[in-house]
There are 2 protein chains.
Amino acid sequence: MKDRIRIKDIAIVAGVSPGTVDRVLHKRGNVSKKSEEKVLKALESLDYSPNVLASVLAYNKEWKIAALIPNEYKDSFWNQPKDGILKALQVVKDYGVTVDFFHFMENNEEEFVRQSEAILEKTYNCVIVSPIFTEQSISFLKKCDQKDIHYVLINTYLDLEDSNLICYIGQDSYHSGTLGAKLLAFGLSAGESAMICHVEELVYNSQHLIDKERGFKDYFKEHHDLGINVITGHFENPYDTVGMYNFFKKHLTKCPNIKGIFISTSRAFHVVNALKKLGISDLKLVGYDLIDENLTYLESEEIDFLINQNPFKQGYLAVINIFNFLIRKIEPNKLQHLPLDVVMKENANYYTDRQFEEMPIVM
Amino acid sequence: MKDRIRIKDIAIVAGVSPGTVDRVLHKRGNVSKKSEEKVLKALESLDYSPNVLASVLAYNKEWKIAALIPNEYKDSFWNQPKDGILKALQVVKDYGVTVDFFHFMENNEEEFVRQSEAILEKTYNCVIVSPIFTEQSISFLKKCDQKDIHYVLINTYLDLEDSNLICYIGQDSYHSGTLGAKLLAFGLSAGESAMICHVEELVYNSQHLIDKERGFKDYFKEHHDLGINVITGHFENPYDTVGMYNFFKKHLTKCPNIKGIFISTSRAFHVVNALKKLGISDLKLVGYDLIDENLTYLESEEIDFLINQNPFKQGYLAVINIFNFLIRKIEPNKLQHLPLDVVMKENANYYTDRQFEEMPIVM
DNA sequence: TAAATAAATGTGTTCGCACACAGTTTTTTG
DNA sequence: CAAAAAACTGTGTGCGAACACATTTATTTA
């Protein structure tokens, strides 16, 4: 603080006024070549970095963010990105950042469009989008490009070139499949079979599921010496308990050497329920997401591993990256894959507690 | 930003001057009961939160931190807390925070004392200490208490009551032992044995090792139905390759059903080297710490799991917690156990890359 | 060459808060 | 009850940067 270089110091060294230094720093023009040179030379010798606090205070403008993400009904998944956004906001609100939420139902395209239009009617600097509906999202984001609104995508990836995309923040589905395969493989013996099972309505995130399956199968292809056979299963309606019971009964009768199941969605707890009714308890299970029902079965060791996709961090980092981009003028990594945490009974508390997510900002 | 309450606004509502509001907020005294009441009433109705940026800017003081941590010689472990400290510093430097480092060798008590005295001679607001030498550390920290210097402990826990301790940041050794046990257990079958092996000079962190061993053994006690036997091993000098070869030869000959080894230190790679010489490759290995040698064997799948103790985060969070404590006036959790990340070949990159550790501050 | 215009530069105000100091009111003392 | 002391309150300045505006200097035009 004491010996930190200020604009005033540069001005003295360069032999000009602070106003001129400011003009050079911000490329505002109206500076003679001679003065500019003097300032640049002074800058070189002084290693100046602006005081962001003073800068933000003087700038005195709002940075408005709109968040277009699904409603948090049904399970707790979408609560978490929202919580992450709100937590990050606590950190950056002094910098003039504000967030407005625009929610839509995960199966309602019209609502998505309606909300996205509502965003465009107002004036936002940035949006955080979960682009669940591909077409509608692309259309919306193109309009953002035109209006010079930058955006961060979370959870669902969209391939956008030469756009106002700040970054994508989400999971690497393929490698999470590989990871799940490795975990199961570690617990299985030669001759046993591993099943990958999609339990989902398959409304929107099918690309995720395809990638996970590919990752899972590639692992066993590369490790065929393990002697583990892979079986694929699909079950569309997680709420049809009877149907699911029959589904697993059929598969496990047909292949009694299935000793592990990888559930590619957050529905592992439904699988546990079905297996319990079947009286089966010796299967190794790997699933996704730290939602309450899964955590209960993780605690009782009926689920062995859950892969955490860090939904809280998705929201948190979305805000932080916008902050860095807008205020700190730092270009972030376009593609930010969150850690694939391996969660077990013994370390679950670290990932459910938020103590370490509640932290300071800036790269 | 726009509609945010300022001191001036409170003053208007309360019908007093900003100066009086300031005196009430900071409990500076010299305020009549009548004025104080008016201000407090206004505060209740207005939900004011101070603009930390403006506050820090106006306060215009340095927050000086001294970091007393081991030198980074020999392996890369102590580089990481240091990197974490430096990264956090980038974030908080605008708030007037500075850090000076005081290094010592891990086996040199005199140097520790010398450096701690050097710290006391200057005027620091806070210290970050890795209290490797118990006695000397306690003596130093008591002097800090007297001089009203607050401190954060990292990596090694010390039981200190009623002191200027801000918080302890480090690992939960016991549960990391349990975690390691669970991982091995998942890969072993009934009738096989699991070995816990300490490979270390045992100079300082023996409490860690004791706790890890306890956690490891407790797991198998609680899960005796798994039918896995536990064997304990010690080897003091990791650099004695021949000795280590003989050590494992002896143990594995005596107990050929040992199918998994849990190495309680960061020396797993030495064990791999010994086993390679013995021509053994079917053992499941779980170790600690993402140091280069371990990561190489994780990549080649000769080590199955590494438990990450987040040394980078230890340093990072130490600074952040001091920041929150001194500047944001937030009392942190006294005991902060970092996540015990399960690291495998398939997700190692997420924990070695620093992209997500380089982030914003504040609770 | 003077006047008009353009370019360059310096000064002053603002952001919200902290703190010093001056100014005002109340209380105490002789 | 006046003077002195204490208690209280308001105003002003500075933190570092951003930007508006006033002022100075250089260039163009008549």
Side-chain angles (χ1 to χ4, degrees), chain A residues 1-40 42-43 46-63 92-97 326-329, chain B residues 1-40 42-43 46-63 92-97 326-329:
Chain A
M1 211 69 171
K2 235 184 321 192
D3 43 5
R4 212 170 139 185
I5 307 298
R6 301 158 301 172
I7 284 186
K8 210 198 254 183
D9 302 315
I10 302 168
I12 292 168
V13 171
V16 297
S17 74
T20 302
V21 176
D22 176 76
R23 276 182 283 268
V24 173
L25 286 173
H26 293 87
K27 303 194 173 86
R28 282 196 233 283
N30 290 325
V31 178
S32 68
K33 280 197 190 68
K34 216 161 109 189
S35 297
E36 187 177 7
E37 239 169 64
K38 287 196 283 183
V39 171
L40 290 176
L43 275 173
L46 285 179
D47 135 85
Y48 165 76
S49 74
N51 184 322
V52 178
L53 271 58
S55 169
V56 168
L57 193 65
Y59 191 63
N60 195 33
K61 282 230 180 76
E62 254 189 307
W63 302 105
V92 298
K93 65 173 189 217
D94 285 332
Y95 293 83
V97 177
L326 289 181
I327 297 171
R328 295 231 141 198
K329 317 286 179 201
Chain B
M1 212 67 174
K2 235 183 320 196
D3 42 7
R4 215 172 136 184
I5 306 296
R6 299 156 303 171
I7 284 185
K8 208 197 255 181
D9 302 314
I10 302 169
I12 292 168
V13 172
V16 297
S17 76
T20 301
V21 176
D22 176 76
R23 276 182 283 268
V24 173
L25 285 173
H26 292 86
K27 304 194 173 82
R28 280 196 233 283
N30 291 325
V31 178
S32 67
K33 279 193 190 70
K34 215 161 110 189
S35 296
E36 188 177 7
E37 238 169 65
K38 287 195 283 182
V39 171
L40 291 176
L43 275 172
L46 285 178
D47 133 86
Y48 166 76
S49 75
N51 184 323
V52 179
L53 270 60
S55 169
V56 168
L57 193 64
Y59 191 62
N60 196 31
K61 284 231 178 74
E62 253 189 308
W63 303 105
V92 297
K93 65 170 189 221
D94 285 331
Y95 293 83
V97 177
L326 289 181
I327 297 171
R328 294 230 141 200
K329 317 288 180 200

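A, B, ... follow the sequence lines: proteins, then strands. Residue 1 opens every chain.
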Quiz item: Can you find an N or O donor on one side and an acceptor on the other, under 3.5 Å apart, linking the side chain of A:R23 with the base of C:dG10?
Solution: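 A donor-acceptor contact between them is present.
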State whether [X] places a side-chain N or O below 4.0 Å from either non-bridging phosphate oxygen (OP1 or OP2) of [N].
| X | N | value |
| --- | --- | --- |
| B:Y48 | C:dC17 | yes |
| B:S35 | D:dT9 | yes |
| A:T20 | C:dG10 | yes |
| A:H26 | D:dA18 | yes |
| A:S32 | C:dA7 | no |
| B:S55 | C:dC17 | no |

Counting heavy atoms from C-beta on, name the nucleotide in [options] closest to the side chain of [X].
| X | options | answer |
| --- | --- | --- |
| B:N51 | D:dC19, C:dA18, C:dG16 | C:dG16 |
| B:P50 | C:dA8, D:dC19, C:dC17 | C:dC17 |
| B:N60 | D:dC19, D:dG16, D:dT11 | D:dG16 |

Quiz item: How would you label the contact of B:V16 with the nucleic acid (heavy atoms, under 4.0 Å): base, sugar-phosphate, or nothing?
Solution: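 Since only primed, P, OP1 and OP2 atoms lie under 4.0 Å of B:V16, the category is sugar-phosphate.
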Can you tell me the distance, in whole Å, between the [atom1] atom of [X] and the [atom2] atom of [N]?
| X | N | atom1 | atom2 | result |
| --- | --- | --- | --- | --- |
| B:I7 | D:dT11 | CD1 | P | 15 Å |
| B:K8 | D:dT11 | NZ | P | 12 Å |
| A:R28 | C:dA8 | CZ | C1' | 15 Å |
| B:L57 | D:dC15 | CG | P | 9 Å |
| A:K34 | D:dA26 | NZ | C1' | 11 Å |
| B:K27 | C:dC19 | NZ | P | 14 Å |
| B:K33 | D:dC8 | NZ | P | 8 Å |
| A:L53 | C:dT14 | CG | P | 21 Å |

What I'd like to find out is whether the side chain of [X] reaches to under 4.5 Å of the side chain of [Y], using heavy atoms alone.
| X | Y | result |
| --- | --- | --- |
| A:Y48 | A:D9 | no |
| B:L326 | B:Y95 | no |
| B:P50 | B:R6 | no |

Quiz item: Checking B:D94 side chain against A:V52 main chain: does a donor-acceptor pair fall under 3.5 Å?
Solution: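 The answer is yes, because a donor-acceptor pair under 3.5 Å joins these two groups.
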Exercise. Output yes when a side-chain donor or acceptor of A:R4 lies under 3.5 Å from a complementary backbone atom of B:G96, and no otherwise.
Key: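 Judged by distance alone, no pair lies under 3.5 Å.
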Self-check item: 5'-most by nearest nucleotide on DNA chain C - B:S49 or A:N30
Solution: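 Looking at DNA chain C, the more 5' nearest nucleotide goes with A:N30.
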Quiz item: Nearest heavy-atom pair of A:A11 and A:S17: which atoms, and what distance?
Solution: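 Closest approach of A:A11 to A:S17, heavy atoms only: CB-C, 3.7 Å.
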Exercise. Nearest-nucleotide wise, let me know which of B:A54 and A:G19 is further upstream toward the 5' end of DNA chain D.
Key: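 On the 5' side of the pair lies B:A54.
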